Structure formats: C-alpha cells, structure tokens
Protein chains: 2
Amino acid sequence: MVAKDSSTEEKIKNAARHVFHIKGYAGTRTRDIAEEAGINLALLNYYFRSKEKLFEIVMMETLRDFLQSLTSVFNDMESSFETKLEMVVNNYITLLVKEPEIPLFILSELRRNPTHLLQKMNVKEIIMQSYFVKQLLEVMEQNKMAQKDLLHLIINIIGMTIFPFVAKPIFQSIGEISNEQFSAMMEERKTLIPKWIKAILTSK
Amino acid sequence: MVAKDSSTEEKIKNAARHVFHIKGYAGTRTRDIAEEAGINLALLNYYFRSKEKLFEIVMMETLRDFLQSLTSVFNDMESSFETKLEMVVNNYITLLVKEPEIPLFILSELRRNPTHLLQKMNVKEIIMQSYFVKQLLEVMEQNKMAQKDLLHLIINIIGMTIFPFVAKPIFQSIGEISNEQFSAMMEERKTLIPKWIKAILTSK
DNA sequence: GTCTATATACGGATAGAC
DNA sequence: GTCTATCCGTATATAGAC
C-alpha cells in the first residue's frame, strides 16, 4: 500500500493547499501547483477536473482542520471553563505557529463565498451550542456581566489568539523580530491570553 | 472648476478603490473597475497606464488614510494615555464602520509585498516612537508590568479594535446579527476596549 | 497514469477614429 | 478626452500519444 502523502493525488492536494494558502484562489496559477507538486499540469485536471474543484476541496479540509481545534475540547463535560480556555488557545497557537497563513487564507477567501460555507460547516452551532459557551455564560453571570456581551467576549478570545497571525508581517516589522522570536511570543500568549480574559471577566 | 470626485480621473480612482478593497488585486479585472466607474476600459489605461500603477495609488492612499487615525492623535503632548487610547479606538471604529473592508484588504495585499510598503510608510516609527507608546510604557511600569510585554499590549489594542472587522462575516454568522446590529456592537466597543485594556494593565 | 502539444477563453493593454 | 475594435500574452483545460 502506498503512503497517503506520496500518492500523486495527495502530492497535488498538498501542493495546492500550500500555494492556495499563500496566494489565495485568484492569485494562484494551476501551473504553480503542478510545479510545486513536481508533476505535469495535465495531471491536475486528470485528478481534480478543475482549479475550482481542487480549491473547494482544499478550503473544506482547511476549515475542517481549523474547527477541529475547537470541537476537540469544546464539549468535554469534565473540564472547567478555565481549562477549556487554556486548551483551545493552546491548540490554536500550536497549529498556527506551524501554519500561520491559515487564518488570513480563510478570512480573505470567505469574502467571495459569504456565509454559504460557514453554514455548511455549522460554525454557528459548533460555537454557540457548545458546553464551553454555556460555561462562559455562567462565569459572566457570577461576575455580574451582561449576557448580551457574550459575543464581545468571543470576539476578544478569538481575536487575541488569531489576530497576531493575521497581521504577522506588521507586528514583525514594528517589533523588529525574527520568525523565531515571533513564535516564542506566541508561545507566551498561550498562558497570557487566559490570564487577560480572566482580567476582563472580573473587571467592573 | 470641476468637483474633485466628479472628474473622470477621480471617478476611476474611486471605483478602483472600491473594487480592489473588496476583491483584492488578483481578483479584480480592470473591466470591473471601468464598469463601476461608468467609463470605457481604454480610459483607465489612458489615465493610469496600467492596473499595477492604479493599484499602487489606491494602496498608498488607503494606507495613508488608515495611518491618519493614528498620527492625528498619537503625538499630542497634552492628552493623557487614557484619552489617546479612547481617541484612537474611536477614530478607527468610526472609519471601519464606514469602510469595513479596509483591514482585510491591507492585510491580504501585504502578503505579496512583504515589509517593503510598511517601511515606505514608516509604520514602525509612527508607532514605536510615538508619545502614546512612551505613555503606555509609563503606565506599564506603574503597574509593575514587564517592558518586554509592550508588543503584546499593542497587539491586543490593535486586535480588539480591528479584528472584528476582519472577521465580520464570521461574527455576523455566529451572532445572527444584521449589518446595523454589527455596527451598533462596534460602537459599544469604543468604550469597552479602553476599559478592557485598563483591566489587562492592572491585572496581576 | 503520465506526458507533450494544443485548443480555447480571458484579461490587460493599445491603435486609431471621433 | 472618450469611444470601438482589436491585439497579444497568459492561464485553464483537453486531446491524444505513450
């Protein structure tokens, strides 16, 4: 049996994932993908019919992988809110240090296909009907925080975690830091973000 | 004398700004711009030589407008740190409620031209050598916060302000809110963000 | 399955009339 | 300055040999 990522189909898909993530759909030429995969251009169409179809597969798998970091911890009934928060932040930063282009890829490609994909992936349900959000609402209540600010908090948690990767070149430029130093900073945020969120939750 | 935005040149530039902001450089066809401007395709090249040149002008002006919200308050010697923070957040949210596509446009187009443009616009100096950052460092010191966490705080301030606009479709989807409700939430953040930053600064 | 060669379409840019 | 018509490079996709 052939290893999954050494089959031609997988080689093309991996190359496509890489190039699409960096250049986006419109900025990618199928020739770039073929070259990166080390195969002939015609093979791409042989396996995937068209650039569009290949892109859809890459987008779906990217979204699936990305949401995995949520679903894998969000509905654990044993762990506390604090523990879940730490785990989610941890999962995402670990993933994004490895593949920092993912968030900007998803966000910029979502401009074209509004909401449609989000609904297909059940993003709303995954987040809003999770045990994590239930626990967050409880903590908010304990701290006399208005329920209607739930979305603000979700924005802050996601933003603090993901935004540095979206704006990576800007922060590297103003901080004059290397890729390694940037990654080290993101590691720091694994413990800092939960602390900050706690500060926000307990502030008057 | 002809009003500035009704001259043909301005009509094209405004149309270009709009289309580029939404579709990005690679996703935009010069034909789209011509149509939106209500002029013929040939005129675009007559006034701006090429798509690339037109894009550079739009990018420069967009960055200039965007940085304006910083420079206009960052070096005021009279106002306190708190006041500056409120003003900056205010300026940006007011701007982005009107033109929510700007941040994602800048961030995704920066992928192509790394750092080059940032240097040209002096982004690092505008931020790091500002009176605002000097004052922020003082507040950090008063609160026994390590100087090396400066960049973390800058990321948080910018992220809390800008990220909701970058991920607007996602948050509208999970919150099930209209454009108007989204804008209303962003208005709330004008006062919430400074409060949250203060909570982070004074947290142990 | 994989290649070379080619058809076809599209998008940026220009020539030239008005 | 503004238009119509057109050129030409480039990118996707397919035909057909191996």
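A, B, ... follow the sequence lines: proteins, then strands. Residue 1 opens every chain. The structure displayed is predicted, hence computed values, not measured ones.
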Test of ring centre spacing under 6.0 Å for Phe48(B) and Phe55(B): no
Looking at Thr8(A), I'd like to know whether one of its side-chain N or O atoms comes within less than 4.0 Å of OP1 or OP2 on dT2(C). yes
Mind checking Tyr46(B) for me? I need base, sugar-phosphate or nothing, with any heavy atom below 4.0 Å counting as a touch. base
Using whole Å, report how far OH of Tyr25(A) lies from P of dA11(D). 14 Å
From the set dA13(D), dT14(D), dT6(D), return the single nucleotide nearest to any side-chain atom of Ala42(A). dT14(D)
In terms of side-chain heavy atoms, does Lys84(B) have a donor or acceptor partner in Ser79(B) at a distance below 3.5 Å? yes
Shortest side-chain distance from Leu43(A), nucleotide among dG1(C), dC3(D), dT14(D): dG1(C)
Taking 4.0 Å as the cut-off, does a side-chain nitrogen or oxygen of Asn40(A) come that near to OP1 or OP2 on dC3(C)? no
So, for Ala15(B) and Glu36(B), which heavy atoms are closest and what is the spacing to 0.1 Å? CB-CG, 3.6 Å
Between the side chain of Lys23(A) and the main-chain N/O of Arg111(B), is any donor-acceptor distance below 3.5 Å? no
Just checking Leu44(B): base, sugar-phosphate only, or nothing, at a heavy-atom cut-off of under 4.0 Å? nothing
Distance, rounded to the nearest Å, where Ile39(A) contributes CD1 and dA13(D) contributes P: 13 Å
Expressed in angstrom and rounded to an integer, what is the separation of Ile12(A) atom CD1 from dA13(D) atom P? 13 Å
Rounded distance (Å) that lies between atom P of dG1(C) and atom CG of Asn45(A): 16 Å
Write down the distance between CD (Glu35(B)) and C1' (dT4(D)), rounded to a whole number of angstrom. 17 Å
Checking side-chain hydrogen bond (donor to acceptor under 3.5 Å, both in side chains) between Tyr25(B) and each of Glu52(B), Arg112(B), Glu109(B), which is the one that passes? Glu52(B)
Lys51(B) NZ - dG11(C) P separation (whole Å): 9 Å
Leu41(B) CG - dA13(C) P separation (whole Å): 9 Å
Whole-Å distance between dA13(C) C1' and Asp32(B) CG? 16 Å
Give the nucleotide from the list dA13(D), dG12(C), dT2(C) with an atom nearest to the side chain of Arg31(B). dG12(C)
